[in-house]
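Beneath this line is the structure, given in C-alpha cells, with notes to follow.
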Amino acid sequence: MKATGIVLLDLFSGIGGFAKGLLEAGYTFRKHYFSEVDKYAIANYSHNFNDATYAGPVETITGGIEHPDIITFGFPCQDLSVAGGRAGLEGSRSGLFFEAIRIIRQHQPCVFVFENVKGLLSSNGGKDFEIVLKAVADLGLYDCEWQLLNTRWFLPQNRERVYFVGHLRGEPARQVFPFQESDFPASGVETRPVAGAVVAFYTGTPNIGTYITDAMEKNKPVNARKLTPTECERLQGFPDDWTRYGLIEGQVIEISDSQRYKMLGNAVSVPVVQAIAQRLVSGGQTVGPVIPIQAVTEIQEAETVDDVTQAEPVGALLENHVQEIRFIKRYIALHNTTKSPAAILSFIKDLQSAIDKKLIRKASPYANEIDLIQDKLISVFQRMKGNERFAINKKDLTRMTGIVNGGAQEPCSREQDIGRIYGGRKKGTRKCLNNTYSDARGNGTCSHNQGLNGVLTAEQMANRTFEMLHFTDPWRSLLGTPARNFTLMLHGEPGAGKTSLLLKLAEYLAINFGKVMYISSEEFESVTFTQKVKELLNPRPTNLEFAASLRGTDITGYSVVILDSINDLKLKLDDFKALKVAHPNTAFILVLQHTKDGDYRGGKDWEHEIQIAGEVANGTIKIYRSRYGVKGMLDFFTYFDMKALPGQTI
C-alpha cells in the first residue's frame, strides 16, 4: 500500500479523524473527497482540509469521483449502541452501512477501513456483526481483519471501538492486527495532574468523560467540573481548537461549544487511525496475504466480546464454500461473451492462487466443478489466437447454475431421498430445478424450503429462510425489502419516463445485486435509447447487458431480467409463468403498455402473478400494490436530476 499521492474517500467523515490520522502517519493526498450530512461537521471539515472536495451524502455517491485508493468510514452507530435502543443494522442510521458497501463494490479501493462501537459485536445477539461479515464476504473481493482497540492505549480515555480493515485481493497487503497494549508504552490513564494534558477520573461512561476531577475522597470526585471542548479535542488526539471554526459559503464561522461536544463525541480517535495507517505501509509481524473471510453461516456461540478484546489476529474465520461458489459464478458469467486471452489467463491465475492458498480444498463438494473449470480454461487459452467467444455446454451450465442459485449447499447424492422429497403424488423422482438437493433423512426439508412430499411442520414453516434484497434509498423507500426473485410490474403512458426509470433501477441492481439483462424490443434499435443509456448511466455497470428479443436470449445466470414491454415481446401470461418456473431465483421487471382508456394491455390477470405493481406518470412512480408492505412514491426526474434530450421527452 503506497502512502504518497493517494486518493482518499472519507465517508461519514465527521471532523476528519480518519484523514487526520492518515496525515499524521505520513500519507499525502493527491485527491481528497469527503461525505457528511451534518452542517457543522461539513463546515469544520472544509475549514481544516482546504483541498478536500465535498462528495455529497453517501446515498448520492455513484460516479463523478476519481478511483479511491482508500475508503474510510465510521457509519452511524446510534442503532448499535445501548443509548440508541439497539435497533441494529435495520435501523435507519446504522443501516447506512450498506451504502458504504455499495460504494466499495462500485469503486473497489485497495484498502477500506471502518470503525464502530463495541456494541457492533453484540448487537442483536451478534447477528448484526454476522451481517457485516456476510456483506463483506459477498463482495468476493477482500481479505479482512478486525480487532477491538482502546483509545486508552494511546490517550487517557477509555474508548473501545471495533476497527475493521479490508485488503483488495491481488494487491500487495500488509497485515495490520493484532495490536497489544504493550506496543504503546506511554499508554494508560494517569491519576494525577500533568501540565498541558487532561488526566483524571471519568464518570461512568465508556466515551469521553463529561466531568473531570483532581482528587477522590471516599470514592467521590472532588472539585468536579465539565471538560472544555479543547480538553475533549486532546482526549481524541486532535490539535487545540480543531473544532472551533467552520467554513460556510466561503465565510469562517465560530462553532458553538454544544456542536463541538457533539462532533468530538462522534469522532474517531486520531492516534488509533495513525497506528493502523502506519501498519498498512510497514506491516505487522507477518507480511503477506491475510486470512480471508470465506463465508458467514453463524457466529460461534463460544465467542464473546471479551474474547475479541484479547486481540484475535484477524477475527474468527467463518467459512463455508463461498470461494468455490464465487469461481463458479465467474465461470458462468463467461458464457456467450467474447473474451481476450489476457482475461482467460487472469482467471486461470486467480483460480490457481486460490488453490495454492488452500482457499479451495480437494475435499470440497464442488471439487469436480473446480477441476472442470480449470481444465476448460486452460484448454481454451492454449488454442486462442485472439479474442474468442466463450461457450459452456448446456449440461455443465445447468448444473453449475443450479449450484449457484441454490447457495452454498452441498449437493445430495442420495437419489432415493431426492425422490422422497420431490416425488409428490407420483412415486417417481421429479427433478429439482436448482439441482441442489438436501438429505431428507433429517427433518425432511430441502433447498427449496419444501418438506417431505411437500408437507412442512409448523416449526419448519416458521424457520424457512429466504434471501432478501436490502435496498437502500430511494429504492428502499419505494419498493421495501423484496425477495431476491421479486416480480415488479410497471405501466404508464408513452413519454411518462418508464425507460429512464428502468435504466436507473437497472444500474442500481447491476452494481449491487448481480447481472441484469434488459430486453427491449421496441427501443433497442433507437437512437434515443442509446442516448439515454449514455446520459443516464455513468459509470456504465459491467453487469448490465441489453438484448432486443427474449427469443434466442439465454437468461440463465442473470439475477434480474427486465422485459420492456411484454406487449412488444408478445409474451403471454402462461409463457411468463413458465419462465418463472424455469428461472425460480431470477427477479423479473415487466412493462405493460397503456390502452387509450388509461388501463394497461394484458388485463388484470397479470397482477395475480406480480408482487409489486406501480404506475409511472410525468416522471413520478407510485407503487399501488406490494406484498412487501411498502407503497412508496418517487419523483425520479427530480431525484436523479434528469434532463430531456434535444427534441425528446425523458
Side-chain angles (χ1 to χ4, degrees), residues 4-76 93 96 99-100 103 107 109 115 208 228-270 273-274 277 473-474 538-539 635 637-643:
T4 59
I6 69 167
V7 177
L8 171 67
L9 174 56
D10 194 3
L11 305 176
F12 313 105
S13 55
I15 57 174
F18 272 113
K20 181 62 174 172
L22 289 169
L23 291 173
E24 292 295 319
Y27 287 64
T28 61
F29 306 144
R30 179 173 61 81
K31 195 71 177 178
H32 181 180
Y33 301 98
F34 73 103
S35 172
E36 177 57 63
V37 294
D38 182 84
K39 172 183 176 181
Y40 296 100
I42 294 171
N44 180 252
Y45 202 105
S46 300
H47 179 263
N48 288 319
F49 300 99
N50 295 324
D51 295 329
T53 300
Y54 181 58
V58 291
E59 300 95 327
T60 66
I61 297 176
T62 52
I65 64 172
E66 288 191 40
H67 176 267
D69 298 299
I70 300 180
I71 292 180
T72 57
F73 60 101
F75 62 94
R93 295 167 293 186
L96 289 169
E99 288 288 356
I103 293 169
H107 292 285
E115 172 259 15
I208 291 179
T228 67
T230 299
E231 290 169 334
C232 290
E233 288 167 341
R234 294 172 184 173
L235 284 174
Q236 287 286 58
F238 291 97
D240 290 1
D241 289 337
W242 181 265
T243 58
R244 184 174 180 180
Y245 300 106
L247 190 65
I248 297 180
E249 297 181 352
Q251 298 296 316
V252 176
I253 65 164
E254 188 162 352
I255 299 174
S256 68
D257 284 357
S258 62
Q259 290 296 331
R260 294 175 70 185
Y261 284 127
K262 175 185 173 182
M263 292 190 298
L264 285 160
N266 290 330
V268 63
S269 299
V270 172
V273 176
Q274 179 182 348
D473 286 335
N538 186 22
D635 178 356
F637 278 7
T638 301
Y639 188 90
F640 295 112
D641 192 24
M642 294 180 178
K643 298 177 181 179

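Predicted model, so just to flag it, every value in this text is computed and none were measured. Any value given below was found using the heavy atoms of this structure, including those in side chains, with hydrogens, waters and symmetry copies removed.
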A side-chain contact here means heavy atoms from C-beta on lying under 4.5 Å apart; do [X] and [Y] qualify?
X      : Y      : result
Phe18  : Glu115 : yes
Asp240 : Arg234 : yes
Ser46  : Tyr54  : no

[X]: what forms a side chain to side chain donor-acceptor pair (under 3.5 Å) with it, not counting sequence neighbours?
X      : value
Lys262 : Asp38
Asp241 : none
Thr228 : Glu231

**Prompt:** Stepwise, does the side-chain contact (heavy atoms from CB on, under 4.5 Å) test hold for Phe73 with Ile103?
**Reply:** CA-CA 11 Å; Phe73 60 101; Ile103 293 169; over 6 Å; no
**Item:** Contact list for residues 19-36, test salt bridge (charged side-chain N to carboxylate O under 4.0 Å, His left out), sequence neighbours left out
**Value:**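 Counting only pairs at least two positions apart or across chains, the salt bridge (charged side-chain N to carboxylate O under 4.0 Å, His left out) contacts touching residues 19-36 are Lys20-Glu24, Arg30-Glu66.
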Between side-chain atoms of residues 4-17 and protein atoms elsewhere (two or more places apart, or another chain), which donor-acceptor pairs fall under 3.5 Å?
{"unit_1": "Asp10", "atom_1": "OD1", "unit_2": "Thr72", "atom_2": "OG1", "d": "2.9"}
{"unit_1": "Asp10", "atom_1": "OD2", "unit_2": "Tyr45", "atom_2": "OH", "d": "2.8"}
{"unit_1": "Ser13", "atom_1": "OG", "unit_2": "Ser35", "atom_2": "O", "d": "3.2"}

Once you round to the nearest 0.5 Å, how far does [atom1] of [X] lie from [atom2] of [Y]?
X      : Y      : atom1 : atom2 : result
Asp473 : Glu99  : CG    : CD    : 7.5 Å
Tyr245 : Ile255 : OH    : CD1   : 10.5 Å
Asn44  : Ile248 : CG    : CD1   : 10.5 Å

**Asked** Checking side-chain contact (heavy atoms from CB on, under 4.5 Å) for the pair Phe49/Leu23: CA distance, chi angles, key distance, verdict?
**Response** CA-CA 11 Å; Phe49 300 99; Leu23 291 173; 3.7 Å; yes
**Request:** Please say whether more than 12 non-hydrogen atoms of neighbouring residues, nucleotides or ligands are located less than 6.0 Å from OH in Tyr40.
**Result:**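 Result for OH/Tyr40: open.
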**Request:** Please say whether more than 12 non-hydrogen atoms of neighbouring residues, nucleotides or ligands are located less than 6.0 Å from CG in Asp51.
**Result:**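 Atom CG in Asp51 is not packed in, count stays at 12 or less.
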**Residues that Ala25 engages under side-chain contact (heavy atoms from CB on, under 4.5 Å), provided they are two or more places apart** =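 Listed in chain order: Tyr27, Gln274, Ala277, Gln278.
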**Item:** Tyr639: ring-ring contact (aromatic ring centres under 6.0 Å, His included) partners, not counting sequence neighbours
**Value:**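 Tyr639: no ring-ring contact (aromatic ring centres under 6.0 Å, His included) contacts found.
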**Message:** Applying ring-ring contact (aromatic ring centres under 6.0 Å, His included), can you list everything that pairs with Phe29, at least two apart in sequence or on another chain?
**Reply:**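 Testing Phe29 for ring-ring contact (aromatic ring centres under 6.0 Å, His included), a comparison that skips the adjacent residues, returns His32.
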**Minimum heavy-atom distance between Gln236 and Ser269, given as atom pair plus value** =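 Shortest heavy-atom contact: OE1-OG, 2.7 Å.
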Tabulate below the donor-acceptor pairs under 3.5 Å that side-chain atoms of residues 55-64 make, not counting sequence neighbours, or state none.
{"unit_1": "Thr60", "atom_1": "OG1", "unit_2": "Pro57", "atom_2": "O", "d": "2.8"}

**Request:** Not counting sequence neighbours, list each pair that qualifies as a side chain to side chain donor-acceptor pair (under 3.5 Å) and has a residue in residues 247-260.
**Result:**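 Found Glu233-Arg260, Thr243-Arg260, Arg244-Glu254, Ser256-Ser258.
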